[in-house]
2 protein chains.
Amino acid sequence: MSRRVTLKEVAVRSGVSYQTVSKVINGQVQVAPDTEARIWQAVRELNYRPNYTARSLRAQRSFTIGYSWRPSPPDQANPILDTFLQSMFHAAEQRGYYLLCFPYHSDTQRQIESYRELMETRRVDGFVLSGVEYNDPRVLFLLEQKFPFVAFGRSNPDLHFPSIDVDGGYGLRLATEHLLAQGHRRIAALAWPEESRVGNNRMEGYFSAMRVAGIETMAEWIQRGEGRYAFGYEAARRLLALPAEIRPTAMVCLNDYMAVGAIKAVQDGGFQVGSQIGITGFDDTPIAQYLTPPLTSVRQPVWEIGERLIALLLNLLEAKETAQEFETILMQPQLVVRASSRKADQPDLIPKEVMRDP
Amino acid sequence: MSRRVTLKEVAVRSGVSYQTVSKVINGQVQVAPDTEARIWQAVRELNYRPNYTARSLRAQRSFTIGYSWRPSPPDQANPILDTFLQSMFHAAEQRGYYLLCFPYHSDTQRQIESYRELMETRRVDGFVLSGVEYNDPRVLFLLEQKFPFVAFGRSNPDLHFPSIDVDGGYGLRLATEHLLAQGHRRIAALAWPEESRVGNNRMEGYFSAMRVAGIETMAEWIQRGEGRYAFGYEAARRLLALPAEIRPTAMVCLNDYMAVGAIKAVQDGGFQVGSQIGITGFDDTPIAQYLTPPLTSVRQPVWEIGERLIALLLNLLEAKETAQEFETILMQPQLVVRASSRKADQPDLIPKEVMRDP
DNA sequence: AACGTTCGTGCGAACGTTCGCATTATTAGT
DNA sequence: ACTAATAATGCGAACGTTCGCACGAACGTT
């Protein structure tokens with residue numbers, strides 16, 4: 001851990017004042033070509049790197065972005081975390097920023113304290129939020145404090161802040177239309193409770209696709225509960241126990257875990273998943289493709305979301321955009337069709353135009 | 001984003017010099033009880049928080065730890081990332097530190113540059129490494145630079161640095177012994193290439209358990225390849241194609257993805273997983289318990305590892321330990337027994353003492 | 001009564017930058 | 001040749017802390 005090279009040493013070597021060196025390095029002033037050359041050479045020879053802390057102190061910016069997320073339960077891993085984080089790291093690095101990650105506290109009070117601490121100690125210049133919900137306390141707090149942030153996900157329509165969200169409605173519409181194209185008419189939905197903003201968005205796609213197809217959805221087809229394996233299993237059992245005339249032949253699920261539970265219930269009930277009962281998930285969990293049968297699922301453009309969130313936030317911080325985008329940017333997910341939703345196991349048997357997008 | 005409260009303002013309000021306030025806050029000096037009370041009251045009233053950047057500049061420490069990890073391929077999520085990160089965040093927060101996460105570059109040169117940049121700009125006080133291998137360039141670099149770090153995983157035996165590793169050998173020994181207790185004799189292993197340090201450690205457990213049981217392992221039983229689904233599938237097919245007298249009746253796999261592939265191959269081959277062919281994985285991927293049949297797997301004490309790594313590093317940084325532990329701390333994983341390795345599907349049918357630990 | 005000790009507090013400096021303005025050197029315009 | 005404008009560089013201050021040392025008061029000790 002050798003002693004650091006400072007501006008002054010570079011200045012001595014290149015025969016100018018250290019302030020001039022600073023200005024040249026930051027491109028804030030024009031100097032004689034040979035002076036500039038001498039300075040850069042000294043920088044290289046001494047392997048000078050600006051002390052980030054000193055720079056932050058003076059410039060009143062930390063070049064750091066804060067991020068925290070709700071940990072997933074141990075039996076239900078977050079399928080996009082790794083990619084999401086890496087995409088943000090890369091986007092930030094390119095513009096000289098880093099990400100500071102901090103623990104998630106479920107207690108609202110403590111959670112807000114975490115954010116307050118980081119902003120008031122000037123450790124971060126802005127935040128990225130994810131999984132925002134209606135009346136999210138973090139959103140309310142940061143808006144009130146006028147502290148820069150961007151969010152993955154929408155909140156109340158009357159709260160205005162830059163955010164990116166996946167068009168979950170579109171995703172579910174794709175899934176539903178795909179099942180319709182397979183010939184299914186009685187399509188059930190394994191959904192989240194009505195309070196879930198994300199859940200409601202997704203369900204809109206299901207309802208609209210059914211409406212367009214001229215099918216009246218039955219209340220019994222909508223099963224709401226926690227998005228877990230156990231709920232998926234139970235909900236699917238209930239659906240299969242309905243009288244044959246109204247018993248669904250397909251189920252769209254709001255996430256993969258419910259879908260996995262549903263697959264198991266369907267198989268335990270003696271039905272064939274895919275050829276008899278079509279099932280789709282959401283998230284395209286990595287292991288989904290290795291299930292038996294492989295799970296059809298909706299995949300989010302995670303990498304791009306991370307990149308764009310960071311770009312949005314940095315533009316905000318560097319005030320590049322005078323007229324800022326405070327509306328939600330919607331990104332389109334894609335449907336990955338696999339055997340769990342196909343009537344025939346051979347992909348070839350399905351007409352191309354149906355496979356692409358019904 | 002209101003103007004910040006500084007030490008001086010607290011000092012004015014409590015009627016002492018700002019340096020005294022600093023010392024009281026940091027507990028570096030004893031003052032008269034009423035002075036101390038006045039100071040703390042002023043701190044509370046003004047809601048003072050030390051400016052972290054200024055503190056870092058003066059103290060020459062950033063109270064920040066750097067961490068970077070190799071991203072998992074999109075079809076094969078890192079099952080422990082979320083927990084591992086959160087455990088480190090919590091442990092660090094308790095001692096006033098945060099984690100700075102930065103992108104992983106597979107190009108060695110650029111990777112080292114990332115580490116160099118962070119240490120030379122004084123942005124971090126130390127690093128946590130994970131997934132270290134033989135002659136890991138990061139380890140060599142940091143040792144040479146004498147920069148503090150700890151690692152999850154071992155490297156060359158002759159390189160001395162504080163690290164924690166999971167006793168993968170013990171894990172595989174548990175798995176192997178469990179299969180032996182189920183009556184299996186011909187047990188195969190789906191392993192990684194011989195260059196893998198982690199892989200070799202794990203395999204030792206397999207070999208030792210077989211040796212203790214008095215079974216000579218056959219070269220054909222050891223399948224080495226990439227730890228992915230496709231390899232697991234192919235390797236299992238090859239094993240099932242062996243002549244009946246030497247065909248394995250069980251397989252231990254070095255990770256869950258290979259195990260999932262193996263399960264599929266076994267089922268495609270017309271065998272029953274569990275009752276006929278026993279299979280075990282490693283990592284206890286969240287979805288493992290929802291497979292058909294649920295997968296027996298080795299689970300690592302991830303949370304505890306994260307906590308202890310941070311504790312180790314912070315002790316190093318704060319020089320609490322004069323005689324530092326530079327040896328690898330080994331942590332014991334546990335075997336989670338599920339149906340994929342049980343002869344009978346009813347847990348009750350298996351003798352208690354066998355279930356616990358053969 | 002003079003003298004160490006301890007306790008409580010203050011002072012100046014330093015950490016390594018960036019920023020605004022002042023100063024000097026250079027060139028162009030009359 | 002004299003001033004005005006421009007280009008190139010320097011200077012002092014500031015960002016908000018922490019650190020080492022010094023200083024005065026109160027205290028007990030010989």
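Order of the sequence lines sets the chain letters (A, B, ...), proteins ahead of strands, with each chain counted from 1.
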Can you tell me the distance, in whole Å, between the [atom1] atom of [X] and the [atom2] atom of [N]?
| X | N | atom1 | atom2 | answer |
| --- | --- | --- | --- | --- |
| Gln28(A) | dA8(D) | CD | C1' | 15 Å |
| Lys8(B) | dT18(D) | NZ | C1' | 13 Å |
| Arg123(B) | dT17(C) | CZ | C1' | 14 Å |
| Leu7(B) | dA14(C) | CG | C1' | 15 Å |
| Tyr48(B) | dG16(D) | OH | C1' | 7 Å |
| Leu57(A) | dA14(C) | CG | C1' | 12 Å |
| Glu120(A) | dG16(D) | CD | P | 14 Å |
| Asn51(A) | dT18(C) | CG | C1' | 13 Å |

Residue Glu45(B) excluded, over 12 heavy atoms near CD under 6.0 Å: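 Counting other residues, nucleotides and ligands, CD of Glu45(B) exceeds 12 neighbours.
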For nucleotides 9-13 of chain C, list the nitrogen or oxygen atoms of the protein found under 3.5 Å from its nitrogen or oxygen atoms, one pair per line.
unit_1, atom_1, unit_2, atom_2, d
dT9(C), OP1, Thr35(B), OG1, 2.6
dT9(C), OP2, Ala32(B), N, 2.8
dT9(C), OP2, Thr35(B), OG1, 3.4
dG10(C), OP2, Ser17(B), N, 2.8
dG10(C), OP2, Ser17(B), OG, 3.4
dG10(C), OP2, Thr20(B), OG1, 3.1
dG10(C), O6, Lys23(B), NZ, 2.5
dG12(C), N7, Gln19(B), NE2, 3.2
dG12(C), O6, Gln19(B), NE2, 2.9

Validation row: [X], [Y] side chains within 4.5 angstrom (heavy atoms):
| X | Y | answer |
| --- | --- | --- |
| Phe147(B) | Val124(B) | yes |
| Ile25(A) | Trp40(A) | yes |
| Asp165(A) | Arg197(A) | yes |

side-chain contact (heavy atoms from CB on, under 4.5 Å) partner of Val24(B), chosen from Gln19(B), Glu36(B), Arg38(B), Gln30(B):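 Only match with Val24(B) under side-chain contact (heavy atoms from CB on, under 4.5 Å): Glu36(B).
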Candidate pair Arg110(A) and Glu113(A), rule salt bridge (Lys or Arg N to Asp or Glu O under 4.0 Å), full reasoning: CA-CA 5 Å; Arg110(A) 273 204 73 189; Glu113(A) 268 315 301; over 6 Å; no
Under-4.0 Å side-chain N/O to phosphate OP1/OP2 contact, Asn26(A) with dT18(C):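 Affirmative; the distance criterion is met.
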N or O in side chain of Gln60(A) less than 4.0 angstrom from dT18(C) OP1/OP2: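 So the side chain of Gln60(A) is outside the cut-off, no N or O lying under 4.0 Å from OP1 or OP2 of dT18(C).
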Sugar-phosphate only, base, or nothing, as touched by Tyr52(A) at under 4.0 Å among non-hydrogen atoms: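 Counting heavy atoms under 4.0 Å across all strands, no contact is made by Tyr52(A).
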All ring-ring contact (aromatic ring centres under 6.0 Å, His included) counterparts of Phe149(A), not counting sequence neighbours: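 Per chain and number, Phe149(A) pairs via ring-ring contact (aromatic ring centres under 6.0 Å, His included) with Phe161(A).
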Degree of bending, the helix from dA1(C)-dT30(D) to dT30(C)-dA1(D) (end axes from five pairs; round to 10°):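 One end axis against the other gives 60°.
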Pair Tyr98(B) + Tyr52(B): ring centers closer than 6.0 Å: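 Between Tyr52(B) and Tyr98(B), which both carry aromatic rings, the centre distance is not below 6.0 Å.
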Nucleotide of dG16(C), dT18(D), dT17(D) approaching Ser22(B) most closely (side-chain heavy atoms):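 Side chain of Ser22(B) sits closest to dT18(D).
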Test ring pair (Phe, Tyr, Trp, His ring centres under 6.0 Å) applied to Tyr115(B) and Phe127(B), step by step: CA-CA 9 Å; Tyr115(B) 283 84; Phe127(B) 289 104; 4.7 Å; yes
